[in-house]
Amino acid sequence: MFKKFKRKKSQPTTLARKLITESNPKSIVSEQFKTVRTNINFSMPDKDLKTLVVTSSTPGEGKSTNASNIAVVYAQSSKKVLLVDGDMRKPTTHHTFGMRNVNGLSTVLIRQHTVEEVVHETHIEGLSIITSGPIPPNPAELIASKTMDQFIETVKGKYDLVIFDAPPVLSVTDAQILSNKCEGTILVINSGKAEKENVIKAKDMLIASKANIIGAVLNNYAIDKNHYYYQYYGAVE
């Protein structure tokens, strides 16, 4: 049953999506991602955070973009970082970094490949990627498995920080299961689009799964041009 993957015809590697933290590290948005990094560090002052889940209440709120940029700013701070596409339903990380998605997390979890065989080094120093792999018929069961526990322990021993891009909380149970296994969870909220009821429900569902919610990211929030942040950083954009 584990081999009934939805395999798509392999396509040539496409141009990577723009990552603002790499393309313009001095921009206001990049500075905000560095602030997120700092706040994550302060969220658990008594221990090193090794595993982080980034999710949202519903699709389209920017959780994958946030996960990728958070991974970049951590790598820029001389950390050894692994970004794992834990969304084995609608994966996007391979598009973001212009990689093929032939093998990855799903093939590790069914023991077809080892971690070392599916890790991709990126052009960003210190940042590695594991794509989702072929879409399996049972993503939640794979995430809940003991093999996933073993995977997490293995990568924790190899990297300073492991970031999981997880599916939206209200869509499927994957994010709840994964958040229970990891040390910290960030909820991405799309400003002006996310419904308050959905955000509250997602938070409650994560709490019910004993997730450690260390904070939320308000995505696509418009800052007024007269705001002091623009006045301070405007010269370095």
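- For the residue pair Ser128 and Glu121, the shortest heavy atom distance occurs at OG-OE1, 3.0 Å.
- In this structure a side-chain-to-backbone donor-acceptor pair under 3.5 Å is present from Lys50 to Lys156.
- Residues Val36 and Asn69 are not in side-chain contact: their nearest non-hydrogen atoms beyond the backbone lie 4.5 Å or more apart.
- Of the inter-residue distances, the one linking Ser179 atom OG with Ile186 atom CD1 reads 10.5 Å to the nearest 0.5 angstrom.
- Counting only N and O atoms by type, the side chains of Ser30 and Asn24 include no donor and acceptor under 3.5 Å apart.
- Note that CD of Gln176 and CG of Leu206 are 6.5 Å apart. Values are rounded to the nearest 0.5 Å.
- Here OG of Ser145 is found 9.0 Å from CG of Asn138. Values are rounded to the nearest 0.5 Å.
- When each of Leu187, Thr58, Asn190 is checked for a side-chain contact (heavy atoms from CB on, under 4.5 Å) with Val199, only Leu187 meets the rule.
- Although no hydrogens or angles enter the test, the distance criterion places no donor-acceptor pair under 3.5 Å between the side chain of Lys34 and the main chain of Thr21.
- Between Glu183 and Asn212, the closest side-chain pair of non-hydrogen atoms is not below 4.5 Å.
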Decide side chain to side chain contact (heavy atoms under 4.5 Å, CB included) for Thr173 and Ile143; before the verdict, give the C-alpha distance in whole Å, the side-chain angles of both, and the deciding distance to 0.1 Å.
CA-CA 10 Å; Thr173 63; Ile143 291 175; over 6 Å; no
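- Between Asp85 and Thr93, the side chains place a donor N or O and an acceptor N or O closer than 3.5 Å (distance only, hydrogens not considered).
- What you find for Glu22 and Gln76 is that their closest heavy atoms are CA-NE2, 4.2 Å.
- For the atom pair OG1 of Thr114 and CZ of Phe151, the computed distance is 11.0 Å after rounding to the nearest 0.5 Å.
- Counting heavy atoms from C-beta outward, Glu117 and Thr107 have side chains that stay 4.5 Å or more apart.
- Using a 4.5 Å heavy-atom cutoff, the side chains of Arg111 and Thr147 are in contact.
- Judged by distance alone, with hydrogens and angles left aside, the side-chain atoms of Ser106 form a donor-acceptor pair with the main-chain N or O of Pro134 at under 3.5 Å.
- No salt bridge links Lys201 with Glu195; every basic N to acidic carboxylate O contact stays at or beyond 4.0 Å.
- Two residues are said to be in side-chain contact when any heavy atoms from C-beta on lie closer than 4.5 Å; Thr131 and Pro91 fail this criterion.
- Side chains of Thr51 and Lys181 form no contact here, defined as non-hydrogen atoms less than 4.5 Å apart.
- Of all heavy-atom pairs spanning Ser57 and Asn198, the tightest one is CB-O, 3.6 Å.
- Side-chain contact between Val72 and Phe33 is absent, with no heavy atoms from C-beta onward closer than 4.5 Å.
- The shortest distance between side-chain heavy atoms of Ser132 and Asp87 does not fall below 4.5 Å.
- Expressed to the nearest 0.5 Å, how far CG of Asp174 lies from CD of Glu141 amounts to 8.5 Å.
- Hydrophobic cluster membership differs between Ile200 and Ile213, with clusters built from Ile, Leu, Val, Met, Phe, Trp and Tyr side chains linked at under 4.5 angstrom.
- Annotation: Glu116, atom CD; neighbour count of heavy atoms from other residues, nucleotides and ligands within 6.0 Å is above 12.
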Mind listing the side-chain donor-acceptor pairs of residues 159-172 below 3.5 Å, one per line with the distance, residues two or more places apart or on another chain?
unit_1 : atom_1 : unit_2 : atom_2 : d
Asp160 : OD2    : Lys80  : N      : 2.7
Asp165 : OD1    : Lys63  : NZ     : 2.8
Asp165 : OD1    : Ser64  : OG     : 3.4
Asp165 : OD2    : Ser64  : OG     : 2.7

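- Taking both residues in full, the closest heavy atoms of Val73 and Arg37 are given as O-NH1, 2.7 Å, listed atom of the first, atom of the second, then distance.
- Here the shortest heavy-atom pairing between Ile189 and Glu61 reads CA-OE1, 3.3 Å.
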Assess whether side chain to side chain contact (heavy atoms under 4.5 Å, CB included) is satisfied between Met88 and Leu142, documenting all intermediate values.
CA-CA 10 Å; Met88 293 184 286; Leu142 292 182; 4.2 Å; yes
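- In terms of heavy atoms, Val84 sits closest to Leu105 at CG1-CD2, 4.0 Å.
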Ile40 vs Ile70, test: side chain to side chain contact (heavy atoms under 4.5 Å, CB included). Steps then yes/no.
CA-CA 10 Å; Ile40 292 171; Ile70 292 170; 4.2 Å; yes
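- Atom CD1 of Ile129 is separated from atom OG1 of Thr122 by 6.0 Å, given to the nearest 0.5 angstrom.
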